[in-house]
Each structure stands twice: as C-alpha cells, then as structure tokens.
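First the structure, in the form of structure tokens, and then the observations on it.
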Amino acid sequence: MTALRRVGLRIVLIALGVAVLSGCYSRAQRIYQRAEAFLAKGETRLAAEEYRRLVIEEPRSALADDALYKLAYLFREDFSNPTSAIKTYLMLADGRPASPYADDALLWVAYIQRHDMRSPAAVRATCEKVKDRFPDNKRVIARCHLHLVEALYARGQYEQAMTEAELLESEVPDQRRQVAAAALIHARAAQRCLGDDEKTVKLFEQILEKYPDTYSAAEAKRAIGLIWYDVRAEDEEKTRQALEAAARVMHGVAPFSGAGSIKQQQLAALRSLLLFHGLKLDEQTLLAVSGAAFDFLYKTEDPSVGSRLFVRNPYVVVANTMGFATNEWSAPDAESSFSSLAQAIKHGRPVLVQQRSPERRWVIVTGYRPAQDQVFYMAPGQSNASRTTRQKFLQQWSSEKSLGFGAYYQFSLGDRDRTVPPAELVMETLRTALAVNEGRTVAGVASGMQAYRLLEQDLAGQPSDNLPKILAWRERQLPELQRCRRAACVFLRQQAPNLPSDRHGNLLQAAGVYESIEQEYNALAGAIQRANEQPEDEEMVREGWERAARQLHFIMDLEEQAAEYLRGAVAG
C-alpha cells in the first residue's frame, strides 16, 4: 500500500469513527467518500472533481488537507499536469501552513520543478521557502537542497552544482543519504568540467570512505573502475566480441497490413508476432480475445478515439489468454528502453514498438547489429524488413504517453508456457468481454455503457455545435463497430460447442444478439443521416435527433441483453 493510500485510509477511518459517534456523516465526509470511491474504481477524473469540490465547499474540514494532497497527486501522476500539481501543492503548503502535509508538499514542488520544469532557479526559490518555514527539519531541508544540486547538474551548470553540493554537506552533515548523493553529483560534475582523472578519482574515493554503505558509494566505485579500466587492446577485442554476440537478425516475420484504423493495425501486427511464435489466429478470434469485438468508447471532443484506443492493452490480454509469457517495457527516454529491446532481440524475440515518424504506426523490430549500427524492422504493408541506424530509430520511436501505452513502449512475447484448452479460451474471452462492457473511464475516455450514455446525450441534445464530429463518427466509427460485433457473433458461434451443453445456449443467444446489434447500427446510421437532412424546422430537427437517440438506446438494451447471456455462460 502506497503512502498516499495509507494516509487516505487513516483519514477515512477517523472520519467514519466521528460519523458513528455523531450519528451521521458531515457534508465533507460524504464528498470525501465519493472521491475515495471514484479513486478506488480508477475513475480519476471524477475523484479529482470531488476532491476539488470538498476543498472549495468545505475548506475548514479536517479532510480538506488530505483532499488537496490527493488532488495534487492526481495532477502529477495521472493527468501529467505539473503546473496544476505545483499550484495545488502550494495551496496546501501556503494556505494551510499547519498541515502535516505542508513540508511534503513543498518537496513535491521542488521535485516537479527539477524533473518536469528543469528550472534550477525555481528549485532554489522553493529551497529558500523550505529553510524559512522548516528551519529545524534537517531531513526536509536536505532533500530539497539535493533537488537543487540535481537540477543544476542536469542543466550543465556543473560549477554551481559542485558549490551547492559542498554547501549541503556543511549545513546538514547528519543527513547521510542526501549528502552522499550530492557528493556523487559533485564528483561527476568535477569529472565533466575539470578533465583531471586523478582529482576526480579522489572525490569518488572520499564517498567510499565517508559513506561506504550507500548507493552513492556503489556508484562511485563503479565510476572509479570505468576511469582506470584499461580500454586498449584486450578491451577493444572484448568489446568487439560483445557486439558480435549481441547481433541478431530474425527472418520469418510475416508481413502485416497497414490498412484500416490504428486498432486494426495494432492487431495485425500482433497477429504477425503470434504467427512468428507458432500460433495462428484468425481476425475474429483476435478481435474477440483482445476485447475489441465487445468494447465501445466515445468522447464528445474526439468521437474517433474508439478507432485508436483499447479498454485493455490488447497485447498483454491476448498473450496471457493464449498462454504466453510477456515482456512489456517503457522508459522516460529511448536509450533506457532500447537496452531492454536489444536483449529481447538477442534472445530471438521480435519486438513491437510504436513509431511517431515518418508517420504514427506500429512496427516489429526484427534485428540489431550494434557493430554495424543497424536496426531492422518490419513496417506495415512491407514484405521485407527495413534497416536504419540506431540513432535514427531512437528518434523515430514514439515518446508519447497515449492510447494506454507509456513513453518508448515496447512489447515482446516470451515462451509459451502451455497450450490453452478451448473451453478455457472461451471463458477468459467472456470475462474480458464483460470487463470491457462495464461503464468506466480509460485514459480520460468513457467506455462501455458509460460511453453509450454519453453518445445518447449528444444525440438527444441536437448536436449543432459538434455536428461534423457526429457525422464523421457515423461515417468512420460505425463500420468499425459493425466489424467488431460481427467478429463477436462469429467467435461465439464457433466456440459454443467447446462449452458444456448448459452454457452452449447462452453463447448462441449472445451471438444472435450481436448479430442484431450489427444490423441495428445500420439503422442508427440512417437515423443520424435523416436527422442531419431535416429541413430548417426546429421541431422536426429535434424529433429527428431524438429518434436517433432512441435508436441508440435500443442498441444499448441489446448490449445489456448480450452481456446477460455472457454472464450466464460464465456463471453456468
């Protein structure tokens, strides 16, 4: 349990105790409990709204501090909004100076200023505030000062970093971990700006002498070894041999299509990866097992998001369902992630990565020859692997945290631990189908029945403002949904014989409902088209969009009916 969760749990227990003694919940407690419930379900946007509401409407509540702290955490970690995170932490630290979170809030401000803003000046200002506010808290002062040393080093201000590292040691010498970390940065900065190996080694040796049991000491020891290691002759031969040993180029990766939506392209690439490992899946099975055959996503501002986003990571879901081990990795920079990719290639495992240039697409990396500086990959629509330099490949690698994937994301299949029995495959797929059908938020996008209700509201509201987006959704997304529901129907009918007879009927009934849903999507497309073509009569326009909304509501009823059949098949 994280520190944030533990703090939250203590606050909730205290609040519940007070509520029991008083016989009723306060308004602040009710708001706070709603926020906690949303957070527990992963509905972070709704949780943030409730935390913010508590702070605004009940500022004097004992729970307001905790609400501000968690709101800032959501801005920092879930919403990737460092500016709002800093603003919220400062509301807590400055507006509630007596709060037990005040010191920690300022430390997080310094952390964000270092990691996200990369501003030594901003970190320095925060350090001054920490020293003024908490002059006797050496731990907090040391941690904040270390952020300043790190920020200066990261910006290449090596002499200033060395000066601040020495100042940190003189001011709080008993804070060994922070002082040791600052001394390590001091030595590294000296190595960069002095160019004197002997002086640099002495600085690293001082860390070993003063702080022998710290992580910084281990890093200092490694740095000394790198400085004095003989890299001539024998080492050059070892390097050459290591490069040759790391080289591998795999053949036999099947071409995959670059046509259709991004989701189609992703599944096509996954299909090729599975085939390389000896498993052939048809499109209907892949759509069903991944959950795409059953999901529905919608966002008013971006109705096309359903063609790009999965409710669950399809690579992991399919691989686990089919009995494969997986390697999934992302990192803050391409260099860090590439080392893991190179290891996968070395062990004969092609790797899926997302490129941002020359266009946004998924490719399969099939080889790496470090000595020749060559990276090989299969791109969509190509029959043979392309090659590029390592540096160019790193530049093409997508750094975006989007569509449910982290920065510099990679995925590869490991060994297949077992062959999954047909009945187990069906049951796992049904569980996935029920999970993606639940109404929740995925990467800020409504899914399942929640998404349907949102679209229903947009249709019933006569979407004059976002009409082009609704029409584009009808034109592009409805065919995609029909293809998916058709796949659900085919998969369920094919797999029904693999379940016991008492569950067989449930699958066939669900398949029939999905077939009806596919047909009803046609009716929905027609209703939207007719609503758009109505004459400039306000009443007729309103009735047209209401009919479209009713048609969608009928589809929602069918989706719930299909889900009931699936639940019946799972429960037996």
Side-chain angles (χ1 to χ4, degrees), residues 107 110-111 113-124 126-127 138-139 141-243 246 331-340 342 370-371 373 390-391 394:
L107 285 178
Y111 174 89
Q113 290 167 339
R114 170 173 67 93
H115 280 276
D116 296 282
M117 297 173 61
R118 299 180 180 274
S119 173
V123 179
R124 188 183 296 277
T126 301
C127 284
K138 302 303 182 183
R139 180 190 65 84
I141 291 173
R143 288 180 62 187
C144 194
H145 204 147
L146 180 58
H147 284 316
L148 175 58
V149 176
E150 292 170 337
L152 290 166
Y153 181 85
R155 291 299 297 268
Q157 299 175 21
Y158 300 125
E159 293 184 357
Q160 295 94 318
M162 294 164 64
T163 300
E164 291 297 334
E166 292 173 349
L167 183 61
L168 171 58
E169 183 175 10
S170 66
E171 288 186 344
V172 284
D174 57 330
Q175 301 298 311
R176 289 173 54 80
R177 188 176 68 82
Q178 286 79 19
V179 172
L184 181 64
I185 295 174
H186 181 285
R188 287 173 172 168
Q191 185 178 16
R192 287 182 175 271
C193 63
L194 295 181
D196 188 328
D197 286 344
E198 290 190 16
K199 290 183 179 179
T200 302
V201 167
K202 287 182 180 179
L203 290 172
F204 282 122
E205 287 176 342
Q206 289 175 8
I207 298 172
L208 292 173
E209 294 170 5
K210 294 182 178 180
Y211 317 105
D213 300 326
T214 64
Y215 170 80
S216 299
E219 286 297 295
K221 187 175 183 179
R222 188 175 73 87
I224 293 171
L226 290 174
I227 292 173
W228 294 117
Y229 190 76
D230 182 3
V231 294
R232 298 176 180 88
E234 181 182 353
D235 188 58
E236 289 180 354
E237 177 60 22
K238 288 181 179 179
T239 301
R240 188 193 66 79
Q241 292 176 359
L243 291 175
D333 58 82
E335 289 282 356
S336 301
S337 196
F338 189 84
S339 60
S340 177
D373 190 28
R390 181 178 182 274
Q391 186 60 36
L394 296 180

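The residues of the chain are indexed from 1 along the displayed sequence. Computed from a predicted model, the values in this text were never measured in an experiment. All values below come from the heavy atoms of this structure, side chains included, with hydrogens, waters and symmetry mates left out.
Taking the side chain to side chain contact (heavy atoms under 4.5 Å, CB included) definition, one finds that R177 meets it with nothing, sequence neighbours left out. In this structure, the side chain to side chain donor-acceptor pair (under 3.5 Å) partners of E164, at least two apart in sequence or on a different chain, are R124, H145. E335 meets the side chain to side chain donor-acceptor pair (under 3.5 Å) test with R390; sequence neighbours excluded. Scored by the side chain to side chain contact (heavy atoms under 4.5 Å, CB included) test, T163 finds no partners at all (sequence neighbours excluded). Partners of S337 under the side chain to side chain donor-acceptor pair (under 3.5 Å) rule, at least two apart in sequence or in another chain, are Q410. When the salt bridge (charged side-chain N to carboxylate O under 4.0 Å, His left out) test is applied to R222, the partners found at least two apart in sequence or on another chain are E219. Residues passing the salt bridge (charged side-chain N to carboxylate O under 4.0 Å, His left out) test with E171, sequence neighbours excluded: K131. When the side chain to side chain contact (heavy atoms under 4.5 Å, CB included) test is applied to A121, the partners found at least two apart in sequence or on another chain are S119. Looking at residues two or more places apart in sequence or on another chain, you find a salt bridge (charged side-chain N to carboxylate O under 4.0 Å, His left out) between K210 and E169. With sequence neighbours excluded, the residues forming a side chain to side chain contact (heavy atoms under 4.5 Å, CB included) with K221 are L208, listed by chain and number.
Looking at every heavy atom in both residues, A187 comes nearest to I207 through CB-CD1, 4.5 Å. Residue L167 comes nearest to S170 through the heavy atom pair O-OG, 2.8 Å, listed as atom of the first residue, atom of the second, then distance. Nearest heavy atom pair, residue A142 against residue L168, reads CA-CD1, 3.9 Å. Scanning all heavy atoms of the two residues, the minimum distance from Y153 to A161 falls at N-CB, 3.9 Å. Minimum interatomic distance between A217 and Y211 (heavy atoms only, all atoms of both residues): CB-O, 3.1 Å. Across all non-hydrogen atoms, the minimal contact from A180 to T214 is CB-OG1, 3.9 Å.
Atoms CD1 and CD, on I141 and Q178 in that order, are 11.5 Å from each other to the nearest 0.5 Å. Rounding to the nearest 0.5 angstrom, the gap separating the CG atom in L203 from the CD1 atom in I224 is 10.0 Å. Distance check: M162 CE to L152 CG gives 12.0 Å after rounding to the nearest 0.5 Å. Taking CD from Q113 and OG1 from T126, the interatomic distance works out to 3.5 Å, rounded to the nearest 0.5 Å. In this structure, CG in L146 is found 11.0 Å from CD in Q175, a value given to the nearest 0.5 Å.
By the 4.5 Å heavy-atom criterion applied to side chains, L184 and F204 are counted as neighbours. For the pair P120 and Q160, the minimum side-chain heavy-atom distance is 4.5 Å or more. Here the side chains of R188 and R192 are not in contact, with every heavy-atom distance at 4.5 Å or above.
Among residues at least two apart or in separate chains, salt bridge (charged side-chain N to carboxylate O under 4.0 Å, His left out) pairs with a member in residues 146-162 are R114-E150. Identified under the ring-ring contact (aromatic ring centres under 6.0 Å, His included) test for residues 176-199, with sequence neighbours left out: none.
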